[in-house]
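Numbers for residues simply follow the sequence, beginning at 1. What you see is a predicted model; the values in this text were computed from it and never measured.
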Amino acid sequence: MIYLDNAASTWPKPEGVIRAVTECLEEAGANPGRSGHRMAARASRILGDARRELASLFGIRDPNNILFFANATQAINQALKGFLQPGDHVVTTGWEHNAVARPLEAMRREGRIGVTVIPASPGGAVDPAEVERAIQRETRLIVATHGSNVTGAVMPVEEIGALARKRGVRFLVDAAQTAGNLPIDVETMGIDMLAFPGHKGLYGPQGTGGLYVNPEVSLSPLIQGGTGSRSEQLEHPRGRPEGFESGTPNTPGIAGLAAGVRFVRETGIQKIHRKEMHMAETLRSALSEMEGIAVYTPQGSRLPVVAFNLEGLDSLEVAAILDTHYDIAVRAGFHCAALAHRSLGTESTGAVRASFGYFNREADVDALLAALQEIRKFFH
Ligand SMILES: Cc1ncc(COP(=O)(O)O)c(C=O)c1O
């Protein structure tokens, strides 16, 4: 199988990740933070180590401000629903994934918040000046994806962070496509909340993700329950991280996530990015020169994602042919990003998306190009 669906979940995982998950299951399978015995303490240390690895990667001072969730979607829901109050206004972008767009839309329909969506130019980023113009008296939050999962367009997060600070508005960044792919520093980028998946560019297992929350931001937990702390009290604890991580965590997954982050840090984000971008750019430029192919990823894109369509063919059909006849896995359709496809003008067709990871090889690009040439010839 040639796997070109790394923007959904990276695969394969580094050996160290598989080893860390197995080791946790074999040797530290107790419940962290609950029982006082040594194996439980070892499981707790796994969570602490993972928080420290992530804190180093994202420039976070206190690792306890990193909260673990099952994926980026849960982290984003916690951020939005735990922060926003009735009457608040939110500024967001036309590139958002449904993980952001749907909870915002649900809250808007319930009449709890107002939302302004800054439209995105096809293939490009949003204009920070437009974001600033959309700020109203009631605006408490700006929410932006760092990078589009459809075209790879990267948003000017640093500029938006600076203007959010200047205007006294909090800033939530969805780093689903950029964590592990682009440098992120929450302090210098002015990021108050950073939602990240563990299973994409951080090379951890599925079922992992998290949210960084600036200590000055007040957040209510979405879920209450057992935390292993102050068990004699009925009142739910408010401390971080335990007040936001009720119930037994995914310790084996988080052990794998820590190993994934170590892999990224040891290999180097720049080295990973350079390798992935070389393959993505080879594909993007070759597709741009082929007749009968519409390419949506702009030249100079900074994420290893290439979106395209074969004219006259449904994107889902192309993906199914690639899978069944060529053993190539890509993603087609709408990529959980209705807003982005509206921005691109592909709201009725969707697109085929090939996305690269560190373990792809240049031969994978050649195989995809040859398959697409054949498919095109067959249908025309
Ligand atoms: C930009 C973006 N945001 C959010 C998500 C949701 O991530 P998760 O599947 O970890 O919830 C994705 C996943 O594809 C994404 O690409």
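A salt bridge between Glu187 and Arg61 is present, with a side-chain N of the basic residue lying under 4.0 Å from a carboxylate O of the acidic one. Between Arg112 and Asp88, no side-chain nitrogen of the basic residue sits less than 4.0 Å from a carboxylate oxygen of the acidic one, so the salt-bridge criterion is not met. Salt bridge Glu281/Arg284: present, at least one basic N to carboxylate O contact under 4.0 Å. Comment: Arg102 does not engage Glu105 in a salt bridge, judged by the lack of any side-chain N to carboxylate O separation of less than 4.0 angstrom. Between Glu110 and Lys81 there is no salt bridge, since no side-chain N of the basic residue sits under 4.0 Å from a carboxylate O of the acidic one.
Of the possible donor and acceptor atoms, none in the side chain of Thr208 sits under 3.5 Å from a partner among the backbone N and O of Ile254. The backbone N or O of His199 lies less than 3.5 Å from a partner atom in the side chain of Lys13, making a donor-acceptor pair. Here the side chain of Asn77 pairs a donor or acceptor atom with the backbone of Thr73 at under 3.5 angstrom. Ser44 contributes a side-chain N or O that, together with a main-chain N or O of Gly33, makes up a donor-acceptor pair within less than 3.5 Å. No donor-acceptor distance shorter than 3.5 angstrom exists from the side chain of Glu26 to the backbone of Val21, with no hydrogens or angles considered. Within the 3.5 Å criterion, the main-chain N or O of Phe171 finds a donor-acceptor partner in the side chain of Asp192. A donor-acceptor contact shorter than 3.5 Å is absent between the side chain of Asp49 and the backbone of Ile46. A donor-acceptor pair is defined here as one N or O able to donate and one able to accept, closer than 3.5 Å; such a pair exists between the side chain of Asn6 and the backbone of Ser355. A side-chain donor-acceptor contact under 3.5 Å links Asn71 to the backbone of Gln74.
Asn309 and Tyr296 share a side-chain donor-acceptor pair at under 3.5 Å. Side-chain contact annotation: Thr116 with His89, donor-acceptor N/O pair under 3.5 Å present. Remark: the Glu311 side chain and the His380 side chain contain no N/O donor-acceptor pair separated by less than 3.5 Å. Side-chain atoms of Gln136 and Thr139 form no donor-acceptor pair, as typed in the model, at a separation below 3.5 Å.
Under the 4.5 Å side-chain criterion, counting only non-hydrogen atoms from C-beta, Val330 is not in contact with Val318. Between Phe69 and Leu211 there is a side-chain heavy-atom pair separated by less than 4.5 Å. Counting heavy atoms from C-beta outward, Leu54 and Leu202 have side chains that approach closer than 4.5 Å. Within the 4.5 Å cutoff, the side chain of Glu245 has heavy atoms near those of the Leu67 side chain. Residues His335 and Ser148 have side chains not in contact (no heavy-atom distance under 4.5 Å, counting atoms from C-beta outward). At a threshold of 4.5 Å between non-hydrogen side-chain atoms, the residues Gln270 and Arg274 count as touching. A 4.5 Å side-chain heavy-atom check between Pro119 and Glu130 finds at least one atom pair inside the cut-off. Residues His325 and Ile375 form no side-chain contact, since every pair of their non-hydrogen atoms from C-beta on lies 4.5 Å or further apart.
Between Tyr203 and Tyr358, the distance separating the two ring centers is not shorter than 6.0 angstrom.
Ile223 CD1: 12 or fewer foreign heavy atoms inside a 6.0 Å radius.
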Start with the C-alpha distance between Val150 and Arg353, add both sets of side-chain angles, then the distance that settles side-chain contact (heavy atoms from CB on, under 4.5 Å), and finish with yes or no. CA-CA 7 Å; Val150 180; Arg353 180 188 73 186; 5.9 Å; no
For the pair Val100 and Leu339, evaluate side-chain contact (heavy atoms from CB on, under 4.5 Å) and give the outcome as yes or no after the intermediate values. CA-CA 10 Å; Val100 168; Leu339 284 179; over 6 Å; no
Given side-chain contact (heavy atoms from CB on, under 4.5 Å), test Leu219 with Met193 step by step and report yes or no. CA-CA 10 Å; Leu219 201 70; Met193 291 188 276; 4.1 Å; yes
Are Arg238 and Ser220 close enough, and set up right, to give a side-chain contact (heavy atoms from CB on, under 4.5 Å), and what steps lead you there? CA-CA 8 Å; Arg238 295 196 67 86; Ser220 309; 4.3 Å; yes
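Summarising the geometry, atom CD belonging to Gln373 is positioned 10.0 Å from atom CD belonging to Glu291; distances are rounded to the nearest 0.5 Å. Rounded to the nearest 0.5 Å, atoms CG (Asp5) and OG1 (Thr10) are 10.5 Å apart. Interatomic distance, CD1 of Ile18 versus CD of Glu23, reported as 13.5 Å (0.5 Å rounding).
Here the shortest heavy-atom pairing between Val305 and Gln177 reads CG2-OE1, 4.5 Å. Taking each heavy atom of Thr297 and Val306 in turn, the nearest pair found is OG1-CA, 3.3 Å. For the residue pair Ala72 and Pro197, the shortest heavy atom distance occurs at CB-N, 3.8 Å. The minimum heavy-atom distance linking Leu303 with Gly147 is given by the pair CD1-CA, 3.7 Å. Here the closest non-hydrogen pair linking Ala134 and Val91 is O-CG2, 3.8 Å. Nearest heavy atoms, Ala351 versus Ser315: C-CB, 3.5 Å.
Note on Leu194: it clusters hydrophobically with Trp95, by side-chain heavy-atom contacts below 4.5 Å among ILVMFWY residues. Met1 and Leu368 are assigned to two separate hydrophobic clusters, defined by single-linkage of ILVMFWY side chains at heavy-atom distances under 4.5 Å. By the rule that hydrophobic residues join a cluster once side-chain heavy atoms approach within less than 4.5 Å of another member, Phe83 and Ile66 end up as members of separate clusters. The hydrophobic clustering, which links ILVMFWY residues whose side-chain heavy atoms are closer than 4.5 Å, places Phe244 and Val213 together. Cluster membership check: Leu287 shares its hydrophobic cluster with Met279, using side-chain heavy-atom separations under 4.5 Å among Ile, Leu, Val, Met, Phe, Trp and Tyr.
Ring pair Phe196/Phe58 is tilted by interplanar angle, where 30° to 60° counts as tilted.
Ile191 pairs in a side chain to side chain contact (heavy atoms under 4.5 Å, CB included) with only one of the listed residues (Ile60, Ile160, Val186), which is Val186.
By the 4.5 Å side-chain criterion applied to Ile, Leu, Val, Met, Phe, Trp and Tyr, Leu316 is assigned to no cluster and stands alone.
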